[in-house]
Novice: 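Below is one structure. I have some questions about it.
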Amino acid sequence: MHRGKGMKFVGDSRVPAERKPNVPKDYSEYPGKTEAFWPNFLLREWMVGAVFLIGFLVLTVAHPAPLERVADPTDSGYIPLPDWYFLFLYQLLKYEFAAGPYTVMGAVVIPGVAFGALLLVPWLDSGKERRPLKRPIASGLMLLGVASIIFLTWESVDDHDWEAAAQQGEIVDDVEVDESAEGYEIYQSQESCIGCHGGDMLGGAAGPNVFESDYDTEEVIDIIQNGLGEMPGGQFEGSDEELETMAAFIANDGQEPDNGNGGGDDEDNNEENEED
């Protein structure tokens, strides 16, 4: 048979003889299942983002951030509190098995095992089933982790002394303290005073601002010697003259008194001078 005789060429139906231009698909072919990215999808995302941003701005205006006073590095009694999403780790460190000599267990080992398990989940549970009831081990561990986090967070919030926390971080009016005064130097030598009232005398976790009450010199001396409320007495280490000097300095709101006294004693001395 000669070439070209008695033969027919049949075109492959899979390859069109004429190429059609690339026309974007008509999304109406899939109602409710897909849509154009621009402008439909992107416009909806922008609207959701704008509503969230406006709501966030309104929330910040209605409830300002709870700021505290300037940090005092000498305030050893200040108890910091982490943000809410770390409260469960903070509570974990309060238990005996994760605190003290076992702090490494609560700070490194236990959280490391928990978060390491999350990283190994794709290899530990490689089945194709996605229904929780068909994955009892993975679902049980996840529920246990979520329940533990919720319980520890609740315990941390319930055990925390919120009144003391508000007091230790309360913003107080600035008091100009004469750091060159002799009374201030005596105060700086009293570790028991600094531990409760802070190095700036404006209060700490265990003691209030020493200038917030209008006590005269004698009243301040009595409080230092005998205590007041939860404040113990007999903590001052120094002579009677130093105690009187520091008490006069405190009674005079952080300023060196001209006559060696402060507070209510100034008025008594002025009255005596007028009578003379």
Side-chain angles (χ1 to χ4, degrees), residues 64-82 90 93 100 103 160-276:
L67 301 178
E68 296 185 355
R69 58 185 173 86
V70 178
D72 181 9
T74 63
D75 185 5
S76 60
Y78 183 86
I79 302 176
L81 184 68
Y90 175 72
L93 296 176
T103 302
H160 189 67
D161 191 348
W162 294 101
E163 294 182 359
Q167 182 180 1
Q168 72 178 3
E170 184 179 2
I171 299 177
V172 297
D173 296 334
D174 293 336
V175 177
E176 295 183 2
V177 179
D178 185 6
E179 298 183 359
S180 63
E182 183 180 0
Y184 182 81
E185 297 177 358
I186 297 173
Y187 176 85
Q188 293 298 319
S189 65
Q190 305 298 317
E191 296 182 0
S192 60
C193 298
I194 295 176
C196 293
H197 299 284
D200 55 3
M201 310 177 75
L202 299 181
N209 185 343
V210 298
F211 306 120
E212 68 180 10
S213 300
D214 296 330
Y215 294 124
D216 58 24
T217 303
E218 296 300 328
E219 291 174 333
V220 173
I221 293 176
D222 180 69
I223 293 173
I224 295 175
Q225 291 179 337
N226 303 318
L228 178 65
E230 297 181 357
M231 175 182 172
Q235 300 295 314
F236 182 80
E237 299 178 356
S239 63
D240 293 339
E241 291 76 9
E242 291 177 337
L243 175 59
E244 185 175 358
T245 301
M246 189 182 74
F249 175 76
I250 294 175
N252 202 40
D253 294 335
Q255 300 298 318
E256 185 73 64
D258 297 335
N259 54 6
N261 295 318
D265 290 348
D266 290 341
E267 298 178 359
D268 297 339
N269 293 331
N270 292 334
E271 292 178 358
E272 292 178 0
N273 294 332
E274 291 178 359
E275 292 178 358
D276 295 340

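When a residue number appears, it is its place in the shown sequence, counting from 1.
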Novice: So, using side-chain hydrogen bond (donor to acceptor under 3.5 Å, both in side chains) as the criterion, who are the partners of Y90 when residues are at least two apart?
Specialist: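 Testing Y90 for side-chain hydrogen bond (donor to acceptor under 3.5 Å, both in side chains), a comparison that skips the adjacent residues, returns none.
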Novice: Quick one: pull up OH in Y215 and CG in D222 and give me the separation to the nearest 0.5 Å.
Specialist: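 One finds 10.0 Å between OH of Y215 and CG of D222.
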Novice: Closest heavy-atom contact between T103 and L93?
Specialist: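 Distance-wise, the nearest heavy atoms are O-CD2, 4.3 Å.
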Novice: Let's go through F236 and Q190 carefully: what are the C-alpha distance in whole Å and the side-chain angles of both, what is the deciding distance for side chain to side chain contact (heavy atoms under 4.5 Å, CB included) to 0.1 Å, and is it a yes or a no?
Specialist: CA-CA 7 Å; F236 182 80; Q190 305 298 317; 3.7 Å; yes
Novice: Just by modelled atom types, is the S239 backbone N or O under 3.5 Å from a matching donor or acceptor in the E242 side chain?
Specialist: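 Yes; judged by distance alone, with no hydrogens or angles, the pair exists.
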Novice: Which atom pair, heavy atoms only, marks the closest approach of T217 to E244?
Specialist: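 Smallest heavy-atom distance, with atoms named: CG2-O, 4.1 Å.
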Novice: Quick one: CD1 on I223 to CD1 on I221, what's the gap to the nearest 0.5 Å?
Specialist: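 I223 atom CD1 to I221 atom CD1 measures 11.0 Å (nearest 0.5 Å).
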Novice: side-chain hydrogen bond (donor to acceptor under 3.5 Å, both in side chains) with D161: which residues, sequence neighbours excluded?
Specialist: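 With neighbours one apart ignored, the set is empty.
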Novice: Counting heavy atoms not belonging to E237, are there more than 12 under 6.0 Å from its CD?
Specialist: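 No, CD of E237 has 12 or fewer neighbouring heavy atoms, counting only those of other groups under 6.0 Å.
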Novice: Working to the nearest 0.5 angstrom, can you tell me the gap between L243 CG and I224 CD1?
Specialist: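 One gets 5.0 Å once the value is rounded to the nearest 0.5 Å.
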Novice: If you take all heavy atoms of F249 and A181, which pair is closest and at what distance?
Specialist: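 So the two residues come closest at CE1-CB, 3.6 Å.
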Novice: Please confirm whether the backbone N or O of D216 pairs with a side-chain atom of E219, one donor and one acceptor, at under 3.5 Å?
Specialist: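 Indeed, once roles are kept as given, a pair shorter than 3.5 Å links the two residues.
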